[in-house]
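Counting starts at 1 for both ligands and their atoms, in listed order. Excluded from the calculations below are hydrogen atoms, water molecules and symmetry mates; all remaining heavy atoms, backbone and side chain alike, are included.
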Amino acid sequence: MSNDKPADKPADNASDIRPGRLPDEQIAANFADMHPPLTPSEAIIDADRCYFCYDAPCTTACPTGIDIPGFIQKIRSGNLKGSAHTILSENIMGGMCARVCPTEVLCEEACVRNTHEDRPVRIGLLQRHATDAVLDIAPALFTRAPTTGRSVAVIGGGPAGLSCAHRLALLGHDVTVFEPRDKLGGLNEYGIAAYKTPGDFAAREVEFILGIGGIEIRTGAALGKDLSLKDLRANFGAVFLGFGLSGINGLGLDGEKLEGVVNAVAYIETLRQAPDKAALPVGRRVVVIGGGMTAIDIAVQSKALGAEEVTIVYRRGQEHMNASRYEQEFAQTRGVGIRTWAAPRTLLASNGRVRGVEFETTRLGEDGKLAGTGQSYTLDADVVFKAIGQNVSWERLADTAEILELREGRIAVDERRKTSLAGVWAGGDCVHGGSDLTVSAVQDGKLAALSIDRFFKGGT
Ligand SMILES: Cc1cc2nc3c(=O)[nH]c(=O)nc-3n(C[C@H](O)[C@H](O)[C@H](O)COP(=O)(O)OP(=O)(O)OC[C@H]3O[C@@H](n4cnc5c(N)ncnc54)[C@H](O)[C@@H]3O)c2cc1C
Ligand code: SF4
């Protein structure tokens, strides 16, 4: 009897990671736009559903405070340029946020039409309808004030940094953005799931933000390596820190360096930048450890590349997951399994490669703390993705950490996004107390810019 096995059926304990698990056209379809845009007539019909509430709860629920009934009213009257202006005046990344915001727990959850018998106005899609219509002419929507001669250093070209830079430039200040990578956009470019923002939308949005003028870009420049906060404070009138989170939380288990144990954010970055997704290798059996958006995104994208079995394992209950219920259900409809109340205990290896994970089931103890039950089960895996959160990676920013007040590993800021250091503001994922969403980073950047402007004018 021959021992030969068909090429697509490896021996049981051999790892099975390879590209081309699905036909190219299937992979392309799996990565297509998650929420295709509304047609003009669909937009009018949805705009007509809005009650134009006074003191609109949807606006209160929007972290950037967009006048939602105001922009919907303008769609209704055919004034898309005015509608986009209303949106972008509060949120310069209104186009990206229309694609990536968890509207189901923000504006659309608050919409008064969101009842058992009805459904909310599709605010996200309407916002996309308006902002997409003007993307190529958007710079013309805003006019930069005459230059004030004041200069600001912005550290990081992600949503927080770019939002801050745009508002400062609009107010006439001269901005220099320092960014280590070649491309701007931060996680909009490198992190957000490919099916939420297909094509080159992130890059096009950056282009229109920079179209305001007055923003100089220096790539290949990292704080802590090429720049010091001390020098920046000496050379600029103000500094904004928006460097996000570049460290990855570890599982705290032996074997994290095994082949096949992969940082989910790094793989997502590869996926976002890949010119041909069909060429990316993917495991047959994938286990994802975590319960947030990153866990959902890597699981869904592994499935989209053709992984046969994808399981998210989270140490608490489904209701405790950071990913919204909508995101969880989305993953489940894409064939991802979710197992809760289990924590990884051992990474199982064979010939230096991961071959599975042993999990211990968990429960809440009487003191309310998470405890192991002593019972365990094993999941076979060709790839194990770590998606249990990120951190600031202060070891690369030791000089900065020394002089700034931190809280729980992130920068402490007040409601104006001022740090403990005079002349230094911060926002986005690197600050304490935020919600780690694109829209919150944009709001932080805007608030910091307004505060810096007041500071330049002699206010506090
Ligand atoms: C996988 C993943 C999926 C996500 N999906 C969503 C989603 O669907 N919806 C949503 O709302 N949010 C999502 N988020 C969260 C969202 O992307 C972030 O909250 C947002 O990007 C934060 O913006 P930021 O500007 O603070 O940081 P970042 O986007 O991380 O940008 C920081 C910038 O600073 C630069 N930088 C880093 N170190 C330095 C340094 N030393 N010096 C100078 N510059 C530096 C980086 O290169 C980067 O360009 C997701 C996050 C991840 C990880
Ligand atoms: S809550 Fe709903 S109905 Fe009311 S203004 Fe907002 S989108 Fe319109």
For ligand 1, is G191 a contact, meaning one of its heavy atoms is under 4.0 Å away? yes
Looking only at protein heavy atoms, which one is nearest to atom 6 (C) of ligand 1, and what is the separation? M293 SD, 3.1 Å
Given T219, L106, D297, identify the one with the heavy atom nearest to atom 3 (C) of ligand 1. D297
Can you tell me if, anywhere in C111, an N/O/S atom lies at a distance from atom 6 (Fe) of ligand 2 that is smaller than 2.8 Å? no
For S246, is at least one N or O under 3.5 Å away from an N or O on ligand 1? no
Tell me: protein heavy atom nearest atom 48 (C) of ligand 1, and distance? E179 OE1, 3.4 Å
Test salt bridge (charged side-chain N to carboxylate O under 4.0 Å, His left out) applied to R325 and E104, step by step: CA-CA 9 Å; R325 183 60 80 166; E104 67 280 1; over 6 Å; no
Apply the test salt bridge (charged side-chain N to carboxylate O under 4.0 Å, His left out) to residues D382 and R18: give CA-CA distance (whole Å), side-chain angles for both, the deciding distance (0.1 Å), then the verdict. CA-CA 10 Å; D382 303 297; R18 60 180 170 82; over 6 Å; no
Could you list which atoms of ligand 1 come closer than 4.0 Å to a heavy atom of G428? 26 (O)
Suppose I only count heavy atoms of A160 and a 4.0 Å limit; which atoms of ligand 1 are within that range? 25 (O), 26 (O)
Minimum-distance protein heavy atom relative to atom 8 (O) of ligand 1: K196 NZ, 2.6 Å
At under 4.0 Å between heavy atoms, what of T59 touches ligand 2? The answer is neither
Which of the numbered atoms in ligand 1 are under 4.0 angstrom from any heavy atom belonging to I155? 42 (N), 43 (C)
Applying a 4.0 Å heavy-atom criterion (strictly less than), which segment of I268 is in contact with ligand 1: side chain, backbone, both, or neither? side chain
Among all protein heavy atoms, pick out the one at the shortest distance from atom 8 (Fe) of ligand 2; state its residue, atom name and that distance to 0.1 Å. C50 SG, 2.4 Å
A student checking ligand 2 against V112 at a 4.0 Å heavy-atom cut-off should list atoms 1 (S), 2 (Fe), 3 (S), 4 (Fe)
Students should be able to answer this: which protein heavy-atom is nearest to atom 53 (C) of ligand 1, and at what distance? Q390 OE1, 3.2 Å
Give the residue, atom name and distance (to 0.1 Å) of the protein heavy atom nearest atom 32 (C) of ligand 1. G242 O, 3.4 Å
Any chance you could lay out the side-chain hydrogen bond (donor to acceptor under 3.5 Å, both in side chains) test for Q301 and D297, step after step, and finish with the verdict? CA-CA 6 Å; Q301 292 183 105; D297 286 356; 5.3 Å; no
Taking only Lys NZ, Arg NE, NH1 and NH2, and the carboxylate oxygens of Asp or Glu, determine whether D46 and R76 approach each other closer than 4.0 Å. no
Looking at L397, L223, L271, L245, the heavy atom closest to atom 40 (C) of ligand 1 belongs to L223
Over 60° means perpendicular and under 30° means parallel, so tell me whether F330 and Y195 are parallel, tilted or perpendicular. tilted
Under 3.5 Å between any N/O of T438 and any N/O of ligand 1: does that happen in this structure? yes
In this structure, atom 5 (S) of ligand 2 is nearest to the protein heavy atom C53 N, 3.4 Å
Residues E42 and R122 bridged, charged N to O under 4.0 Å: no
Between E189 and K183, is the salt bridge (charged side-chain N to carboxylate O under 4.0 Å, His left out) condition met? List the steps. CA-CA 8 Å; E189 174 63 41; K183 293 190 195 173; 3.3 Å; yes
Could you tell me whether E269 and R181 have a side-chain N and a carboxylate O separated by less than 4.0 Å? yes
Let's go through V392 and S246 carefully: what are the C-alpha distance in whole Å and the side-chain angles of both, what is the deciding distance for side chain to side chain contact (heavy atoms under 4.5 Å, CB included) to 0.1 Å, and is it a yes or a no? CA-CA 6 Å; V392 169; S246 41; over 6 Å; no
Note: D118-R49 ion pair, threshold 4.0 Å (strictly below): yes
In this structure, atom 3 (S) of ligand 2 is nearest to the protein heavy atom Y51 N, 3.3 Å
Check: V100 N/O within less than 3.5 Å of ligand 1 N/O: yes
Main-chain N/O of I66 paired to T59 side chain as donor or acceptor, under 3.5 Å: yes
Working for salt bridge (charged side-chain N to carboxylate O under 4.0 Å, His left out), residues D414 and K418: CA-CA 5 Å; D414 68 10; K418 283 177 81 165; 5.5 Å; no
Any non-hydrogen atom of R396 lying under 4.0 Å from ligand 1? no
Ring-ring centroid check H166 F142, cutoff 6.0 Å: yes
Taking distance alone, with N or O pairs closer than 3.5 Å, would you say D429 contacts ligand 1? yes
shortest atom 27 (O) of ligand 1-to-protein heavy-atom contact is with G244 CA, 3.6 Å
For ligand 1, does K225 get within less than 4.0 Å through its side chain, its backbone, both, or neither, judged by non-hydrogen atoms? neither
For atom 31 (O) of ligand 1, grab the closest protein heavy atom and report residue, atom and distance to one decimal in Å. G158 CA, 3.4 Å
How far is atom 44 (N) of ligand 1 from its nearest protein heavy atom, and which residue and atom name does that atom have? P180 CD, 3.0 Å
N or O pair under 3.5 Å between G185 and ligand 1: no
With distance as the sole test, does R128 use its side chain to make a donor-acceptor pair with the main-chain N or O of H35 at under 3.5 Å? yes
Evaluate L187 for polar contact with ligand 1, using N/O atom pairs at a separation under 3.5 Å. yes
May I ask you to decide whether D436 forms a salt bridge with R410, counting only side-chain N to carboxylate O separations under 4.0 Å? yes
Can the ring centres of W425 and F455 be said to be less than 6.0 Å apart? yes
N/O/S atom of C58 under 2.8 Å from atom 4 (Fe) of ligand 2, yes or no? no
Is the ring pair H320/W341 parallel, tilted or perpendicular, if the boundaries are 30 and 60 degrees? perpendicular
Region of P159 engaging ligand 1 - heavy atom pairs below 4.0 Å: both
